[in-house]
Each structure stands twice: as C-alpha cells, then as structure tokens.
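Ligands are counted one by one from 1 in listed order, and the atoms in each one are counted from 1 as well. Since the structure is predicted, the reported quantities are computational estimates derived from the model, not experimental observations.
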Amino acid sequence: MDREIKRRAEDLLRQMTLEEKIGQMNQLSPSIVGGFEVPFEELIEMMTDGRISHEEFNNILMNSEKDFHEDDIRAGRIGSCLMNDPKKANELQKIAMEESRLGIPLIIGFDVIHGFQTVFPIPLAEAGSFDTEVFQESAAIAAREARSHGIQWTFAPMLDIARDARWGRISESPGEDPYLSAVYGEAKVKGFQGEEAPEKGIDREHLAACLKHFVAYGAVEGGKDYNTVSMSKSMLHNGYLPPFKKAVEAGAMTAMAAFNDFNGVPCTTNPYLLRTVLKEEYGFEGYVVSDANAVLECVNHGFAEDRKDASVKAANAGMDMDMGTSCFIENLEQAVKEGLVSEQVIDDAVRRILYVKMTLGLFENPYLSEEEIEKYDVLPAEHVAASLEAAKKSIVLLKNEKVLPVKKETRIALAGRLADMPEEVMGAWAIAGRTSDCVSIKQGLENRNAKMKYYPCCGPEGDLNEDEISILFGNLEETDVIVAVLGETSSMSGEAASRADITLPGEQRSFLKRLKETGKPVVLCMMNGRPLALDWEAENIDAIVECWQLGIQMGNAVAEVLYGEYNPTGKLAATFPALTGQCPMYYNHPSTGRPGSRSKFTSRYLDAPLEPLYPFGYGLSYTTFAYKGLSVTEEADCLKIQVEIENTGMREGEETIQLYMQDVTASLVRPVKELKGFCKVTLKPGESKKASMILDKKDMGFYDDDYEYHLEDGEFRIYAGANARDCLMESIRICRFSKEDVM
Ligand code: NOJ
C-alpha cells in the first residue's frame with residue numbers, strides 16, 4: 001500500500017464516526033420501486049422463460065422508478081452503489097462529496113464481465129484462445145467503456161475453476177485448469193486496472209478488478225448452482241486457489257466471497273478463507289465484498305440466527321462490504337457497542353475501502369466530465385476489431401471430415417433459428433450489450449455474399465417447424481452443404497442456469513438426425529455456454545465447429561472460419577464429456593488405485609466410455625501438426641523442455657503446444673497430469689520448428705492440508721503435445737529438489 005495513501009486513509013479514519021465507518025461497508029443498489037405493469041418477481045420470470053429478452057428487461061429496469069437512497073448517502077450511510085447510469089452516478093456522487101459530512105466519494109460497481117458495450121466472447125470461450133494479449137485487451141476495452149458510464153469497479157474476473165459442465169456458471173469461468181486460469185486472471189487484472197502497480201494509482205481509463213467467487217464455487221455438488229461444497233484443504237490450495245493467488249500478486253484491488261459454504265462454513269462468514277488465506281497468507285490489501293444478499297443468506301444456511309448474527313459473523317470473518325442487504329448498516333454499530341465486533345475489525349475494513357477509493361483517485365476526480373460521459377457509445381472501430389479478433393481466436397474446430405473450409409461458390413443451406421438471433425451471440429453476462437451491435441451467423445455469412453438460403457426449422461427451445469423443414473428438404477438439389485446452427489440460448493448458462501442433461505436441448509438432435517438422412521454433408525456450428533455431451537453428433541456429423549457465444553462480432557468470426565479466411569486456433573478450456581453422467585469430468589483428476597481400463601474392477605462406468613469426447617486443450621486446425629523428439633534436460637532450478645513440431649498439412653497454421661507434468665509418486669495423491677505451460681508456433685506447410693519451454697522447479701510442488709509447500713524428489717513425467725490426451729512423454733528423476741535451491 002502506498003505510504004501517502006495509508007497516511008491519508010488513517011487521517012480520515014480518525015475523523016469518522018462509527019456509523020460513518022459502517023456506512024462505507026454498505027453497498028446498496030438503487031431499489032426498484034415500480035414503473036412497470038407486472039410485479040417485479042413476474043418480470044424476472046418473464047425474462048427467465050424468454051417472454052422478454054435480457055435487453056427488454058434491462059430497458060424496463062433502466063426506465064423504472066427507483067429509490068436512490070439519497071438521504072442515506074447524505075448521512076454517510078452508503079459507501080458504494082451497484083449501478084450503470086452515468087448521469088445518475090454523477091448526481092449521487094455530488095451528494096456524497098458535497099452534502100455528506102466528510103465528503104467521501106461512493107465507489108460505483110457493476111458486472112462488466114466479458115466486455116461492456118463491445119461484448120467479447122464468454123470467458124470459457126476466450127480462455128480457449130490461450131492468448132494473454134486477448135485476455136488483457138478485452139478487459140482494457142471493457143474498462144474504458146465502463147468508466148465512461150461512471151463505473152469504477154467491475155465484479156470480474158471470475159476465476160472459479162469449473163470442472164462440471166452441468167454448472168451454468170462454467171460459461172463465466174476460464175474453465176477447468178488452475179494454470180490457464182491463473183494466466184487468464186493475471187492478464188485480466190492488468191487489463192482492468194492497467195499495467196502499473198496499483199500503488200501508482202489507477203487512471204480514468206481503468207477500474208478496480210474484483211476476484212470472484214472466493215472460493216470453490218465451481219465445485220458445487222452435482223453442478224447445481226448455489227449448492228454445498230466439501231473438499232480437502234490441499235485440493236483447495238492446489239486445484240482452486242492458484243488463479244486467485246496469482247491475481248492477488250498481480251495487484252487485484254478487491255475480491256468477492258462465494259455464495260456457497262466451504263466444508264460447512266459459508267464463504268461469506270469464513271475466517272479461514274477471508275482472513276487466513278486471502279489477507280494473511282496472500283497479503284491481499286484490498287477489500288472483500290459479499291455476493292448479492294449473501295450476508296443475509298447465512299440465515300438460510302442455518303449458520304446465523306438472524307440479520308445481526310449474520311453481520312457479526314461476516315464482519316469478524318473478514319467481510320468488508322455487504323452487498324445489498326443493509327444488514328451491516330442496521331446492526332454493526334450496536335454489535336460494536338455490545339462488544340460482539342471490535343472497532344479494530346471495522347477500522348480494518350474501512351481502511352481497505354478508503355485505500356481502493358484513494359488509489360482510484362475518486363477523492364480528486366469523483367465525477368465524469370461531459371466529454372467522458374458515454375464517450376464510447378458509438379463503438380470505436382478498434383474496439384470492434386478487437387472483439388472480432390478475440391472471437392476468431394476462441395473458435396474451436398472439433399471435427400472436420402474434409403468438409404471445411406467451404407468455397408466461395410459452395411451453396412449453403414443455413415438451418416437453425418440461433419443463426420438469426422443476434423441477441424444470442426452475446427452470452428449470459430452482457431448487461432450493457434446492444435442487439436443492434438450484434439452480428440448473427442446469418443448476417444456474417446451475408447456480409448461475405450454467401451451463396452446461401454436460410455431455413456430456421458428448429459430452435460434451442462425444442463420447437464421444430466415442419467413447414468420450414470419441408471422447404472429445406474425440397475431445395476436439396478440446390479444445396480452443397482447444410483450448416484446447422486444449434487445449441488443453447490444465453491439464458492441456458494450463467495447464473496442459476498445449471499442443467500441436469502447437457503445434450504443439445506429440445507429437438508435439436510432429432511433435427512440433426514433428419515439432416516443426416518438427406519445424405520448432404522452437414523456442418524454443425526455450436527452456440528453454447530458450456531461443454532455439451534455430443535456423442536451422437538461427433539459420430540455422425542461431418543464437421544463440428546464450437547462457436548460458443550462470441551460477442552458482437554460472432555457472425556463475422558464464424559464466417560471467416562467457415563470460408564477458411566481464418567484457420568482455427570482455439571482450444572477447449574474445459575473437457576467435453578461424451579455423456580452427462582460422466583460429469584464432473586476433467587483431465588487433471590487425482591490418480592486412482594484402479595485407473596479406468598477395459599477390465600471390470602477399475603474406475604469406470606458400465607455404460608459410458610472411459611474417455612471424454614474431447615479432452616481439455618483440444619482443437620483442430622485446417623492443417624495438421626506432428627510432434628516428435630521430446631527432450632527434457634535438468635538444469636539447476638528448472639527443466640528445459642524441447643519438442644519438434646512439423647506442419648504436415650497444406651496450409652499455414654498456428655498451434656498451441658501444451659506442457660504437462662505428472663508427479664508420479666508423492667506424499668499426497670497427485671493429478672494424472674497438470675498443465676504447466678504453453679507456447680504458440682506458426683508454421684508454413686512442411687515447416688518444422690523446435691519449441692522450447694521452461695518448467696521452473698519451484699512450480700513442480702504442491703500444498704498439503706496445512707498449506708505447507710512440498711517439493712519432493714522422485715520420478716516426474718513430462719508431456720508435450722496438442723492437448724491433455726495427445727502428448728509425447730519423457731520421464732525424469734529429480735534427486736536434487738531442495739526448497740533452498742529453487743525457491
Ligand atoms: C450475483 C453473482 O453471483 C455475482 O457474480 C455478481 O457479481 C453479483 N450478483 C452482482 O450482480
């Protein structure tokens with residue numbers, strides 16, 4: 001923490017009353033009090049069941065009657081607001097600055113998750129680009145745009161390790177791997193907050209990041225949202241915390257506690273997670289906010305008796321700001337007077353909050369100027385270009401039986417209602433995105449003057465239109481290839497959108513079966529927010545392109561890939577199981593005593609394959625690559641890994657070479673493989689290159705349940721290759737690990 005800021009914060013703290021201090025710990029959103037014709041609950045249902053779109057819902061909210069709690073702001077009882085309304089933000093800020101006793105600015109927070117008005121690919125897709133520049137740039141653009149809407153704090157990046165495709169929020173996460181998620185998290189923090197260390201101040205083009213959800217939310221039982229979580233502390237430290245640790249090291253200014261309990265203690269009131277791990281072990285200097293309503297939900301958890309008990313437990317555990325319940329402001333003053341919470345606990349929270357506000361320069365520059373307000377509302381060309389770039393790099397080619405790319409003269413029958421639903425390209429967390437900026441796949445193909453006819457036929461909600469199908473079948477003579485755009489709507493993933501069956505929803509598989517019967521080649525373009533179980537499709541469809549929900553430029557990106565103007569490079573950031581029943585399925589599972597095999601008494605299902613359909617890291621190109629000559633050399637503090645890669649196909653292509661490791665024998669059961677690095681190479685047809693990667697010895701260890709880090713001598717397997725399954729392997733025995741040598 002910057003010394004000058006520390007001193008200023010201390011000065012201010014001394015002048016504050018207890019109520020004003022607790023006011024800083026209170027985040028309220030403007031309450032919606034009316035202005036629409038149906039009850040608010042029904043409005044939410046209407047959006048959930050699709051009667052109104054996300055955008056319509058947001059418009060209704062924007063234009064609804066609200067209570068902005070001006071009197072509370074004036075009284076210093078509110079420290080933060082959750083909102084997206086630049087003009088109103090200025091008005092409220094003016095009250096805080098000029099009419100409250102100490103003139104402490106509000107911090108305005110909002111969910112800016114994968115872009116703001118320039119919507120980028122959903123995080124699960126973007127993570128598959130394995131491209132740190134893309135990760136950082138999309139966050140930087142989102143920050144710039146959000147700042148021009150008065151937002152100074154985003155509730156992102158979401159760094160939940162997600163191993164279960166049933167969990168709807170896998171779409172918001174960078175997937176299943178701790179290493180990739182750590183790389184992603186670090187880049188996002190830099191993108192949101194700027195390259196400089198926060199001590200130097202965060203400028204007006206950037207905002208404060210929030211690491212969420214702390215922690216292990218992705219491990220909810222059965223993949224059901226908000227469910228319970230149990231796991232060993234070693235698993236927590238090795239499998240779930242690495243991206244958070246890395247993002248704290250990168251300077252992340254805030255964190256959000258997860259909704260779930262962790263081994264019986266809600267994360268909101270969990271002193272081990274918030275105080276011991278985050279603040280003490282990681283040295284996190286920012287503040288922790290609860291998730292929405294979560295302080296109060298500790299009563300539902302049966303962990304707190306009432307609002308006051310929940311507030312006491314949360315504050316004592318290290319929760320610095322209450323999102324949305326008013327529990328803190330209503331109860332903590334009394335709790336301090338009764339000795340249930342010490343004033344030091346309150347002071348510590350307020351210091352952290354003031355530190356973030358000062359680092360953001362909010363005291364000096366609390367308002368948006370006229371020029372800044374909505375400065376980026378007409379999307380700048382470079383923002384749109386960055387979104388297109390990210391979209392192309394996130395597309396994953398899963399299967400291609402010589403159908404793709406199509407030629408300019410190929411006559412395409414485009415099928416599936418999703419192809420013409422521009423609002424569905426945005427994904428689940430794109431609150432500020434506008435349909436008018438979105439390019440659907442149909443539009444993207446039209447932009448390339450595709451020889452194409454469009455037949456909606458079948459939507460993600462389970463509806464088949466026989467008339468449209470008959471027209472498509474009647475036109476087969478003039479069709480060379482059928483491109484079917486199928487998958488999920490945006491509301492089928494994201495928060496509160498877990499699914500117990502992750503096959504293509506509705507009638508889409510039966511539609512595909514009928515398409516196959518035509519005998520025409522079929523390309524399946526998937527639009528979805530999670531891995532889906534595509535066993536039949538993988539067996540029967542000629543080409544599958546995983547297009548995810550790619551943001552506003554989706555249609556153009558997909559068209560470039562279909563026509564081969566862009567050679568796919570994306571990889572899967574999460575395993576695709578063959579069947580839902582295999583969930584949770586992830587590549588880096590601990591070794592079992594009876595690894596799955598064909599024999600009966602092994603770790604397997606009777607009625608499912610052993611392997612996933614597509615492993616982590618998988619993704620094809622229009623060219624092919626061959627690997628050979630893996631070598632591993634031990635140096636004093638690292639291993640040097642070299643592998644030769646050749647482009648064995650007919651066109652230039654880029655490959656992401658992945659480096660995995662297995663600690664074969666250790667004092668704790670270790671994963672069968674762990675990603676430890678990756679690099680990219682671009683090769684012309686016939687060209688070979690030697691790729692070199694370094695694995696630092698200090699990164700080859702693991703934590704035990706007491707957070708002791710172990711580096712244990714013995715055999716290690718080193719893998720390099722195209723994905724978590726298809727790798728070359730070399731063994732090495734390390735006998736000179738000692739912490740002193742390598743740390
Ligand atoms: C609930 C979600 O879990 C969290 O991710 C989000 O930031 C908050 N709501 C605020 O919208």
J.: Report the nearest protein non-hydrogen atom to atom 4 (C) of ligand 1: residue, atom name, distance rounded to 0.1 Å.
T.: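 Here the nearest protein heavy atom works out to Asp291 OD1, 3.3 Å.
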J.: If we set the cut-off at 4.0 Å for heavy atoms, which region of Gln27 has an atom near ligand 1: side chain, backbone, both, or neither?
T.: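 Gln27 to ligand 1: no contact under 4.0 Å from either part.
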J.: Of all the heavy atoms in Phe259, does at least one lie under 4.0 Å from an atom in ligand 1?
T.: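 Phe259: in contact with ligand 1 (<4.0 Å).
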J.: How are the rings of Tyr226 and Tyr217 set to each other: parallel, tilted or perpendicular (split at 30° and 60°)?
T.: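 Ring orientation, 0 to 90° scale: parallel.
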J.: Any cation-pi pair here, Lys212 with Phe155, using under 6.0 Å and within 45°?
T.: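 No.
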J.: Relative to ligand 1, is Glu495 under 4.0 angstrom through side chain, backbone, both or neither, heavy atoms considered?
T.: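 Side chain only; the backbone of Glu495 stays clear of ligand 1.
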J.: Does Asp291 reach the main-chain N or O of Ala294 with its side chain, forming a donor-acceptor pair under 3.5 Å?
T.: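 Judged by distance alone, no pair lies under 3.5 Å.
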J.: Give the atom numbers and elements of ligand 1 that come within less than 4.0 Å of a heavy atom of Phe155.
T.: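 The list of qualifying atoms is 7 (O).
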J.: Report yes or no: does a heavy atom of His213 sit under 4.0 Å from some atom of ligand 1?
T.: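 The answer is yes: ligand 1 sits under 4.0 Å from a heavy atom of His213.
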J.: Strictly under 6.0 Å, is that where the ring centroids of Phe214 and Phe244 end up?
T.: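 Distance test on ring centres: under 6.0 Å, yes.
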J.: Describe, in one word, how the ring planes of Phe116 and Phe110 are oriented to each other, choosing from parallel (under 30°), tilted (30 to 60°) and perpendicular (over 60°).
T.: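 Judged by the thresholds at 30° and 60°, the geometry between Phe116 and Phe110 is perpendicular.
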J.: Can you confirm, on distance only, whether ligand 1 has an N/O atom lying under 3.5 Å from any N/O atom belonging to Trp429?
T.: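 By distance alone, the answer is no.
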J.: Provide the full list of side chain to side chain donor-acceptor pair (under 3.5 Å) pairs with a residue in residues 255-264, sequence neighbours left out, each pair given once.
T.: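 Output for this query lists Thr228-Asp261.
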J.: Hey, is Glu172 touching ligand 1 through its side chain, its backbone, both or neither, going by heavy atoms under 4.0 Å?
T.: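 Neither; nothing of Glu172 gets under 4.0 Å from ligand 1.
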J.: To check your reading of the model: name the closest protein heavy atom to atom 6 (C) of ligand 1, its residue, and the distance in Å.
T.: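 Result for atom 6 (C) of ligand 1: Asp111 OD1, 3.2 Å.
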J.: Applying side chain to side chain donor-acceptor pair (under 3.5 Å), which residue pairs with at least one partner in residues 308-317 are found, sequence neighbours left out?
T.: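 Output for this query lists Lys308-Glu338, Asp309-Lys313.
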J.: Show me which atoms of ligand 1 lie under 4.0 Å from any heavy atom of Lys212.
T.: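 Answer for ligand 1: 4 (C), 5 (O), 6 (C), 7 (O).
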